[in-house]
Amino acid sequence: MSEDDCLLKKLEISVSEAEKRTGKNAVNMQETYTSYLVETRSLEPPAEGQNSPLDALWRRYSEFELLRNYLSVSYPFVVVPPLPEKRAEFVWHKLSADNMDPDFVERRRIGLENFLVRVASHPMLCHDKIFHSFLTQESGWKEAVNEAGLQMKTDSRLKALNATFRVKNPDKRFTELKHYSDEVQSVISHLLRVRARVADRLYGVYKVHGNYGRVFSEWSAIEKEMGDGLQSAGHHMDVYAASIDDILEEEEHYADQLKEYLFYAEALRAVCRKHELMQYDLEMSALDLASKKQQSEELATGTIRTFSLKGMTSKLFGQETPEQREAKLKLLEEQIVEGEEQLKLRNVESREFVKNSWLEIERFKEQKNRDLKEALISYAVMQISMCKKGIQVWTNAKECFSKM
């Protein structure tokens with residue numbers, strides 16, 4: 001499916017507002033939570049004399065989580081777009097880490113909208129019926145998720161961990177991708193920590209310029225000829241000190257763009273883990289088939305090449321009757337046929353998974369390079385603009401001093 005056929009070409013999607021609510025949870029206890037208004041409008045040409053109707057419904061963050069979990073399980077080869085953080089991370093000291101803080105809720109609203117737009121622009125995810133239900137149906141979509149057997153499809157963490165350590169022939173490409181995602185996560189985490197420290201120091205430097213304003217204002221009161229110039233210069237310092245709040249608020253937007261790719265690293269690892277599980281199942285099937293063939297050969301020839309409990313039992317209690325051996329041989333032959341079919345099927349599934357996942361990973365890399373390049377350039381432009389404003393403040397202050 002091509003990206004030209006994606007849902008975003010046919011439907012305008014937005015998360016337009018957030019609302020704090022109070023209600024009872026699953027264990028009948030009172031809780032405070034935030035709901036988000038999801039709005040959709042068809043971009044298809046409306047009938048003459050009519051406007052396209054606007055669909056709107058409220059969703060909680062937990063519902064977005066359920067949708068993403070469903071997509072991750074149903075499309076294991078897809079690098080599923082991540083959700084914005086549930087609680088603020090990598091914050092500088094003046095920024096609230098409270099998940100009910102209005103500024104944080106607003107940034108999360110933007111992140112949730114970005115998540116929906118990402119899914120709607122994906123060539124495969126955008127056609128999912130449950131995703132459509134999430135956007136347009138107030139109720140019923142959760143039941144559809146349960147009917148899709150989400151819990152049955154979910155691989156246990158223990159099984160995933162077992163596969164990681166017991167796969168004998170891991171695919172080198174997926175191993176390298178896993179290491180790459182770890183390194184990307186480490187680099188972006190470090191970058192966000194550095195940015196938070198810089199923001200702390202920058203905030204202090206800007207705010208301390210307010211002291212210039214206070215001192216110049218006090219000084220102007222005792223100077224007749226110089227008073228106006230000092231007063232004006234003090235005003236420019238006050239404006240400079242106050243400007244840091246808007247600057248750092250804009251910076252948070254770029255930090256959130258980096259955080260999205262911090263969380264994308266986990267989505268990449270999820271694809272790698274799924275391949276490890278498939279490879280582990282494939283190897284276990286091959287091992288089981290080899291064991292069945294060996295048992296069949298031993299039964300047919302009457303020779304036991306390896307130590308087994310069955311061999312010891314035969315020595316202790318005598319050989320099986322020809323009829324018993326024939327029945328077991330027949331059962332083993334049936335199991336071998338089933339095993340060969342299962343192995344063939346697992347090989348086909350594995351090849352299909354590898355093909356689809358690498359197409360998806362290439363698509364993701366192009367998106368990542370494009371997005372991060374744009375974000376870093378925009379961040380640099382913002383820093384240049386900030387420095388120019390600082391130069392302008394001191395240029396204005398210089399003119400005030402020159403007129404004294």
Side-chain angles (χ1 to χ4, degrees), residues 1 3 6-8 61-87 89-90 108 110-128 130-131 134 145 150 153-157 159-161 163-164 170-171 173-192 255-279 352-375:
M1 292 174 182
E3 293 194 28
C6 74
L7 182 64
L8 211 56
Y61 184 87
S62 58
E63 292 180 280
F64 282 88
E65 284 184 309
L66 180 60
L67 173 65
R68 190 184 181 278
N69 288 341
Y70 159 75
L71 293 173
S72 298
V73 170
S74 301
Y75 303 90
F77 54 87
V78 170
V79 184
V80 178
L83 291 169
E85 58 196 348
K86 194 163 190 174
R87 285 178 174 73
E89 297 177 35
F90 304 103
R108 191 159 73 174
I110 293 168
L112 291 172
E113 180 176 294
N114 183 60
F115 164 74
L116 293 180
V117 168
R118 291 274 198 211
V119 175
S121 61
H122 190 279
M124 186 165 287
L125 300 182
C126 73
H127 295 287
D128 187 87
I130 289 177
F131 174 54
F134 177 89
V145 169
L150 178 62
K153 290 179 185 175
T154 305
D155 294 305
S156 72
R157 288 187 180 275
K159 187 180 177 187
L161 192 66
T164 299
D171 188 313
R173 292 171 300 174
F174 284 94
T175 304
E176 288 173 354
L177 182 65
K178 203 173 180 181
H179 290 157
Y180 168 76
S181 64
D182 289 341
E183 287 167 359
V184 163
Q185 191 168 45
S186 174
V187 167
I188 293 179
S189 296
H190 188 56
L191 187 59
L192 287 164
D256 287 340
Q257 287 180 312
L258 286 175
K259 283 179 185 178
E260 183 186 20
Y261 279 92
L262 181 73
F263 305 140
Y264 255 125
E266 176 54 32
L268 277 176
R269 281 198 293 273
V271 174
C272 295
R273 283 197 299 272
K274 182 60 185 177
H275 180 262
E276 282 174 345
L277 277 169
M278 292 183 79
Q279 181 64 23
E352 192 69 18
F353 180 90
V354 170
K355 185 184 83 172
N356 289 332
S357 60
W358 278 104
L359 285 171
E360 172 66 18
I361 287 159
E362 288 305 314
R363 178 188 174 279
F364 165 75
K365 284 180 179 177
E366 286 178 14
Q367 172 196 298
K368 178 207 65 165
N369 294 344
R370 184 174 62 247
D371 288 350
L372 291 181
K373 177 182 176 181
E374 184 182 317

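Below, each value reflects all heavy atoms present in this structure, side chains not excepted, and no hydrogens, waters or symmetry copies. What you see is a predicted model; the values in this text were computed from it and never measured.
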>> Working note: Leu258 + Leu191, criterion side-chain contact (heavy atoms from CB on, under 4.5 Å); need CA distance, chi angles, decisive distance, verdict.
In response: CA-CA 9 Å; Leu258 286 175; Leu191 187 59; 3.7 Å; yes

> So, does Ser186 use its side chain to make a donor-acceptor pair with the main chain of Asp182 at under 3.5 Å?
Replying inline: no

>> Gln367 vs Arg363, test: side-chain contact (heavy atoms from CB on, under 4.5 Å). Steps then yes/no.
In response: CA-CA 6 Å; Gln367 172 196 298; Arg363 178 188 174 279; 3.9 Å; yes

> Are any of the side-chain heavy atoms of Val119 and His122 separated by less than 4.5 Å?
Replying inline: no

> For the side chain of Arg108 and the backbone of Pro84, is there at least one donor-acceptor N/O pair under 3.5 Å apart?
Replying inline: no

> Any sub-3.5 Å donor-acceptor pair from Ser74's side-chain atoms to Leu71's backbone N or O?
Replying inline: no

>> Is there a side-chain contact (heavy atoms from CB on, under 4.5 Å) between Glu276 and Gln279? Walk through the geometry before answering.
In response: CA-CA 5 Å; Glu276 282 174 345; Gln279 181 64 23; 5.7 Å; no

> Can you tell me how far CD of Gln185 sits from CZ of Phe263, rounded to the nearest 0.5 angstrom?
Replying inline: 9.0 Å

> Is there a salt bridge (Lys or Arg N to Asp or Glu O under 4.0 Å) between Arg173 and Glu176 once you walk through the steps?
Replying inline: CA-CA 5 Å; Arg173 292 171 300 174; Glu176 288 173 354; over 6 Å; no

> Which pair of heavy atoms, one from Ala120 and one from Cys126, lies closest together, and at what distance?
Replying inline: O-CB, 3.1 Å

>> Within the structure provided, determine whether Asn114 and Arg118 are in side-chain contact (heavy-atom separation under 4.5 Å).
In response: yes

>> Using the ring pair (Phe, Tyr, Trp, His ring centres under 6.0 Å) criterion, which residues pair with Phe77? Sequence neighbours excluded.
In response: none

>> When you compare the side chain of Phe174 with that of Lys274, does any pair of heavy atoms fall below 4.5 Å?
In response: no

> Quick one: salt bridge (charged side-chain N to carboxylate O under 4.0 Å, His left out) partners of Glu360, sequence neighbours excluded?
Replying inline: none

>> Tell me the closest heavy-atom pair linking Pro81 and Leu125, and the distance in Å.
In response: CD-CD1, 3.9 Å

>> Nearest 0.5 Å, please: how far is CG in Asp371 from OH in Tyr264?
In response: 7.5 Å

> Side chains of Leu177 and Ile361: closer than 4.5 Å at any heavy-atom pair?
Replying inline: yes

> Hey, does Val78 have a side-chain heavy atom less than 4.5 Å from the side chain of Val271?
Replying inline: no

> So, do Asn356 and Tyr75 sit near enough that their side-chain heavy atoms are less than 4.5 Å apart?
Replying inline: no

> In Å and rounded to the nearest 0.5 Å, what is the CZ to CG distance from Arg273 to Leu268?
Replying inline: 10.5 Å

>> Between Gln257 and Glu260, does the side-chain contact (heavy atoms from CB on, under 4.5 Å) criterion hold? Intermediate values first, please.
In response: CA-CA 5 Å; Gln257 287 180 312; Glu260 183 186 20; 5.6 Å; no

> Atom SG in Cys272, atom NE2 in His179: separation rounded to 0.5 Å?
Replying inline: 9.5 Å

>> Please report the interatomic distance CG(Leu66) to OH(Tyr61), rounded to the nearest 0.5 Å.
In response: 12.5 Å

> Yes or no on ring-ring contact (aromatic ring centres under 6.0 Å, His included) for Tyr70 and Phe131, after CA distance, side-chain angles and deciding distance?
Replying inline: CA-CA 9 Å; Tyr70 159 75; Phe131 174 54; 9.8 Å; no

>> Nearest 0.5 angstrom please: Leu67 CG to Leu116 CG, how far?
In response: 7.5 Å

